[in-house]
Amino acid sequence: ALLGMSFNAAADATEDLVNALVTKGVLTEDEGSLLSKGNTSQKKNEGKVRFKDGFKLESADGNSSLAINGRVQLDYRTFDTDSGSLANSGNADTFDIRRAYLGAGGTFNKYYDWKLVANFAEAKNSLFLDEAFVNIKWFKNANIQAGQFKMPISLEERTSSRFTNFTERSFNNNGALVAGKDQGLMLHGPITKGLNYALALSSGNGQNTDDVNDVGDSDSLEYIGHVDMNLIDLTGSKADAVVHLGGSYAYSDLNVTQSGNAAISQKTLGRGSTFFTSAATNSLAVTDTMDRTRYNLEAALTNGPFKFQSEYSKAEIDITDTSSSTSSSQDINAFYADISWLVTGESYKDSYKKGKFDRIKPKQNFNPDEFTGGAWELALGYAKFDASDITSSSNGLKLSSGFTNEADTVRAGIKFIADPNTRIMFNVVKTNYEDDVTLGTSSIESGELAANMRVQYDF
């Protein structure tokens with residue numbers, strides 16, 4: 001970026017020198033014009049360096065580019081109880097580098113987008129590689145994406161963590177209910193303005209996880225279909241509003257011996273205690289089967305500075321244990337509804353792109369000298385987690401002792417958006433358990449009250 005700036009500066013300095021020599025009579029106007037023409041021709045072949053939410057290098061013809069991007073999210077969490085050192089709990093008051101990404105992406109020769117992102121905050125958990133993919137744009141309505149990327153399920157999941165309503169996503173974000181980042185292929189694009197689709201084939205084993213078993217009748221692959229629409233764009237209306245509707249379907253014949261497929265857990269939305277966890281009733285073998293079908297419905301309605309967003313997710317899990325000749329069919333459900341208000345008057349429609357919500361840009365960036373500018377947002381949300389099919393005595397998946405299979409949450413948040421790249425957030429999160437949860441060997445809790453704070457910068 002600095003080299004590009006120096007080249008442009010040198011070209012401009014040459015033109016200034018020519019003009020000065022003509023003014024002093026050292027060069028004739030014709031000689032000066034000839035030199036300036038050569039300098040202008042050189043500048044036309046030079047690339048561009050610009051800053052728009054991050055540094056970007058761009059070729060002279062605009063067909064190739066390189067952008068450096070990243071984000072840092074520093075969280076602080078505090079709870080009404082302090083049982084962080086006990087089993088089944090994570091609600092110790094703590095600072096946390098929630099995410100620390102650094103990556104690069106861009107376009108090559110107009111038709112090839114690419115992205116490579118490292119997650120430094122998760123390096124200790126072997127999730128250092130966050131995303132790595134190429135997107136081929138030979139056809140506007142049928143892009144082909146290959147690599148590790150977000151699967152097309154759930155509006156909340158497809159929305160970057162930089163732009164979510166609260167510091168944490170809802171219960172719908174559970175790995176049993178929606179697919180996150182995975183390895184695979186995707187065919188996607190707009191059918192027409194306001195109507196998008198995606199068809200994906202993924203490993204079904206999650207981020208940075210290859211299938212390690214080739215025995216049995218499970219192929220482990222997940223087949224995903226998604227469609228979303230904005231009725232405002234479809235009707236050609238110019239209203240300052242969004243009417244977003246979408247749905248997803250996914251099916252996978254899971255490898256039951258793959259780590260994590262037969263075990264499900266859920267934390268509170270304050271990112272504190274784990275209140276639900278389950279495992280298979282019996283030790284599953286490669287000859288056993290585990291089918292998972294996932295459904296997701298999503299909606300978002302905006303009108304100027306007001307937004308309502310909601311989703312319902314369901315997972316049907318069917319397990320057949322050949323050793324005991326038993327089978328089970330169990331459901332997990334989740335739902336959330338959020339309302340939010342940009343108090344300073346910005347419009348949510350301006351942040352809506354390609355079927356999801358993106359960056360809010362304040363009408364005026366925060367000026368610390370005058371203490372003016374920035375955008376303020378208030379949000380209120382309700383969320384429900386229901387795995388009542390999974391009990392301590394059920395076949396298939398079985399509820400672990402000391403946990404509960406249902407919970408609901410009410411949360412409120414205030415967000416200060418100093419500029420398009422900087423956010424400060426504060427959330428209060430109250431979770432109620434259906435049954436008491438045991439933290440360690442002695443602490444019995446009926447719920448959790450948490451306060452979450454975040455300072456975020458991204459580019």
I'd like to check the ring pair (Phe, Tyr, Trp, His ring centres under 6.0 Å) partners of Y111; sequence neighbours left out, ordered by chain and number.
none

Taking side-chain contact (heavy atoms from CB on, under 4.5 Å) as the definition, give me every residue that meets it alongside D408, ordered by chain and number, with sequence neighbours left out.
Y382, K384, N432

Do you know which two heavy atoms are closest between T78 and M453, and how far apart they sit?
CG2-CE, 4.5 Å

Going by distance alone, is a donor N or O of one side chain under 3.5 Å from an acceptor N or O of the other, for [X] and [Y]?
X	Y	value
H226	N296	no
N405	S388	no
S170	N172	yes
T326	N395	no
E156	N173	no
D436	S446	no
E346	T344	yes
D350	S347	no
T409	T431	yes

Flag this pair as yes if the NZ/CZ of K307 is under 6.0 angstrom from the six-membered ring centre of F357 and inside a 45 degree cone about the axis; otherwise no.
yes

Sequence neighbours excluded, every pair satisfying ring pair (Phe, Tyr, Trp, His ring centres under 6.0 Å) that has a member inside residues 388-424
F366-F416, W376-F416

Quick test of your reading of the model: are R294 and E222 salt-bridged, counting only N-O distances below 4.0 Å?
yes

Between F120 and F128, is the gap from one ring center to the other below 6.0 Å?
yes

Rounded distance (nearest 0.5 Å) linking atom CH2 of W341 with atom CD of E377
11.5 Å

Apply side chain to side chain contact (heavy atoms under 4.5 Å, CB included) to residues S161 and R71 and explain how you reach the verdict.
CA-CA 10 Å; S161 65; R71 82 188 70 162; 2.8 Å; yes

Using side-chain heavy atoms (C-beta onward) and a distance below 4.5 Å, is R454 in contact with R99?
yes

Option among D386, N174, I390 that satisfies the side-chain contact (heavy atoms from CB on, under 4.5 Å) test with I332
I390

